[in-house]
Amino acid sequence: MTKNNQKDKNRVLMVGNHIIGQAAIEAGCKFYAGYPITPQNELTAYMADNMPEAGGVFIQAESELAAISMIFGASVIGERVMTSSSSPGISLKQEGISYLAACKLPAVIVNMQRGGPGLGNISPAQSDYFQATKGGGHGDYHTVVLAPNGSQELFDLTYLAFDLADIYRTPVLVLGDGVLGQMAEPVTLKPSFKHEKTKVDKSWALAQTKNKEPKVVKSLFLEYGALENLNKELKKTYDIIESNEVRAETFYIDDCEIILVAFGATSRICKKVMMTLRNEGLKIGMIRPITLWPFPKKIISDAAHKKVKFLVVEMNMGQMVEDVRMAVFGKSEVHFYGRTAGIIPSEKEIIKKIRSLS
Amino acid sequence: MKKIFKKSPLLLDPVTHYCPGCGHGIVHRLVCEVIEELNITEKVLAIAPVGCAVLAYDYWDFDTTEAAHGRPLAVATGIKRMRPDLIVFTYQGDGDLAAIGTAETVHAANRGEDLTCIFVNNGVYGMTGGQMAPTTLLGQRTTTCKSGRDKKRDGYPLKISEMLAVLDGVCYIERTAVNKPKNVILTKKAIKRAFVNQIEGKGFSMVEIISQCPTYWALTPEEAVDKIENEIIKETPLGVIKDV
Amino acid sequence: MIRIKIDTEKCKGCGLCIKYCPKGLIVESKKLNKRGVYPAEFVRGKDECTGCKSCAIMCPEAAIEIIDDEKSNDKK
């Protein structure tokens, strides 16, 4: 996904937050509501600057709660919508995300994570993994979670997020962090993957002139069994997503003794570590989940056996490692190394940890 | 034989879930009559609140959606900004509009969103069993202020209509009641006005409707409508609060 | 002659129509409806119904229709 044509006139240098904004506009996002929070403010500003020209609507909401409800409103009438925030703000948005999931409304939500819990700090972190991948809000639901690790993926996955949201009628999370949001890298401002305009049926949307009967979009189901039916329907969709949409990148997993597992910004450090150690002759590979939900369980499970050890590296106290353990299911040792609260693990630290394993 | 009064066809047939004497049924009917008379059925999109009126979509024959508790005006903002051709209104109770949704209410009003807000104020949380609401009057008894609302402990009833009236984005606020025929007629007039304002693109309009909740006022329906007449509208007088 | 027609099965017996009928032409029925309430009932009285609509306007269930038997059918 990250191969680019260097001579492409669409190729520019841009900060991650702006890339997401441009990807959303390219994908046909027509409504954006946001609220200031560091480190994603550049995205909100980008949308304020560029949405009107793109024929869309920008609103600075009075809160995250209002912003997510505003995009609920625009989604209910069938528009492509997005909101963005960073960790504490995403906690507030969980109310609306749960409602979007229950009402089967497409929406894209961007979380450029920062250190937590609480107000935490404004430095990059990956500590919202649990919140992002296990539902986040109340109730029986999942959101698709896409984890870019660089400029082109910020563009591609944001673009893809709108398609997935429409196809599966679900909220989709783009889970980045402060590093990815603030860092400027070259990017080609069109999807680098093969993309066909997805034609999606939106006859469920309200206020469509072709609707003959009045429609209701709601998430309250009081009649016996009605809510269970909805949850079963959602589960069916989630099963399809799990079988169709798993994305991961793998390196040398058939020829290694140690497999690193990392996503997002951390995966770039790990890739560097892998290359360094392979040059030294250490048999080391890597799995990089691109979709955190659906999680690449099978890829990890298939790579696990007695002679390989896993090392999961995250910018948190150990969250994705639980899913890796579940996938490995005792077939391999699973170790963890993490720095948290806005501290980025260095190559040196990771190498030290790897050496301690062998 | 001629029917000189029958219900609007926009009001659907099911018997409502509301308690006997509840004012919601009256307001539901008035909203339907106004929409029918203004001939805007095709363009109307309603947002039901969380609270007693959450099931409003079971009784209305036009497109309706739901919002999280307190957020109808944010949802309405998203819809109206995207589709200014639609006539978008929220139907909210006092807990929804003036407690958990105060921020959304104030800011939608302040932005001057071209919306119509039907605010049904009965001074109590009905759906959850009669707790104290932001608009519960001093001395009024609820399950969470059994000896009556106490200003020291619970603060004062929130005068949300008066608060909103000072905002420049607001074009029309009127307080009415549905406790007697004359007031119901005036309420309908006010609702119509609030919709016409939106059609004319004038900004934010709200009608605060004092409504009876016999069940959680622990009164008969007759006593409840008398309470509005003799007590409540003395504290919160009816009439136009803002009209520009 | 003007009369009112009450959908007695919809009626929850709140009594607001009874309270506001200026001519006292609505009473509580002696027969329970299927909901188990005594619904409102239109009766003949000393005065005739003037079609003021107070009852219908106050009915939270919109269960009251007002009919003028002397006027012709709906134009439609």
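The basis for the numbers below is simple: all heavy atoms, side chains too, and nothing from hydrogens, waters or symmetry mates. Numbers restart at 1 for each chain; the letters A, B, ... are given by sequence-line order, proteins then strands.
Residue contact with chain A, scored on non-hydrogen atoms closer than 4.5 Å, involves the side chain of B:Leu55 exclusively. Only the backbone of B:Ala67 has a heavy atom closer than 4.5 Å to any heavy atom of chain A. Interface remark: A:Ile68 contributes no atoms to any contact with chain B (heavy atom separation under 4.5 Å).
A 6.0 Å sphere centred on CG of A:Leu189 holds more than 12 heavy atoms belonging to other residues, nucleotides or ligands. Atom CG of B:Asp85 has more than 12 heavy atoms from other residues, nucleotides or ligands within 6.0 Å. Within 6.0 Å of OH in B:Tyr156 there are 12 or fewer heavy atoms belonging to other residues, nucleotides or ligands. Other residues, nucleotides and ligands contribute over 12 non-hydrogen atoms within 6.0 Å of the CD atom of B:Glu162. Atom NZ of A:Lys235 has 12 or fewer neighbouring heavy atoms from other residues, nucleotides or ligands inside a 6.0 Å radius. In this structure, A:Lys190 places its NZ atom where only 12 or fewer heavy-atom neighbours from other residues, nucleotides or ligands lie under 6.0 Å away. For B:Lys189, the NZ atom sits in a loose shell: 12 or fewer heavy atoms of surrounding residues, nucleotides or ligands are nearer than 6.0 Å. Few gaps surround CG on A:Asn229; more than 12 heavy atoms of other groups in view lie less than 6.0 Å from it.
When A:Ala66, A:Ser98, A:Ala67 are compared by the number of non-hydrogen pairs under 4.5 Å with chain B, A:Ala66 comes out ahead. Of the listed residues A:Leu65, A:Ile71, A:Val57, the one with more heavy-atom pairs under 4.5 angstrom with chain B than any other is A:Leu65. Between chain A and the residues B:Val106, B:Asp61, B:Leu86, the most heavy-atom pairs under 4.5 angstrom are made by B:Asp61.
To the nearest 0.5 Å, atoms OG1 (B:Thr64) and NZ (A:Lys218) are separated by 11.0 Å. Interatomic distance, A:Met70 CE to B:Ile79 CD1, rounded to the nearest 0.5 Å: 11.5 Å. Rounding to the nearest 0.5 angstrom, the gap separating the CZ atom in A:Phe31 from the OG1 atom in B:Thr77 is 7.5 Å. In this structure, CE on B:Met82 lies 10.0 Å from CD1 on A:Ile59, to the nearest 0.5 angstrom.
Between A:Ser69 and B:Ala74 the shortest heavy-atom distance is CB-CB, 3.6 Å. Scanning both residues, A:Ser63 and B:Glu104, for their nearest heavy atoms gives OG-OE2, 3.9 Å.
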Carefully, step by step, assess B:Glu66 and A:Ser219 under the rule side chain to side chain contact (heavy atoms under 4.5 Å, CB included).
CA-CA 7 Å; B:Glu66 216 175 67; A:Ser219 65; 3.0 Å; yes
Could you go through A:Leu220 and B:Tyr57, starting from their C-alpha distance and side-chain angles, then the distance that decides it, and tell me whether this counts as side chain to side chain contact (heavy atoms under 4.5 Å, CB included)?
CA-CA 11 Å; A:Leu220 180 74; B:Tyr57 44 70; 3.7 Å; yes
Full working for side chain to side chain contact (heavy atoms under 4.5 Å, CB included) between B:Val75 and A:Val76:
CA-CA 9 Å; B:Val75 171; A:Val76 112; 5.7 Å; no
Residue pair A:Val216, B:Thr65: steps toward the side chain to side chain contact (heavy atoms under 4.5 Å, CB included) verdict
CA-CA 6 Å; A:Val216 175; B:Thr65 189; over 6 Å; no
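In terms of modelled atom types and a separation under 3.5 Å, the side chain of B:Asp63 and the main chain of A:Lys215 share a donor-acceptor contact.
A:Glu95 and B:Arg71 are joined by a salt bridge, as a carboxylate oxygen and a charged side-chain nitrogen come within less than 4.0 angstrom of each other.
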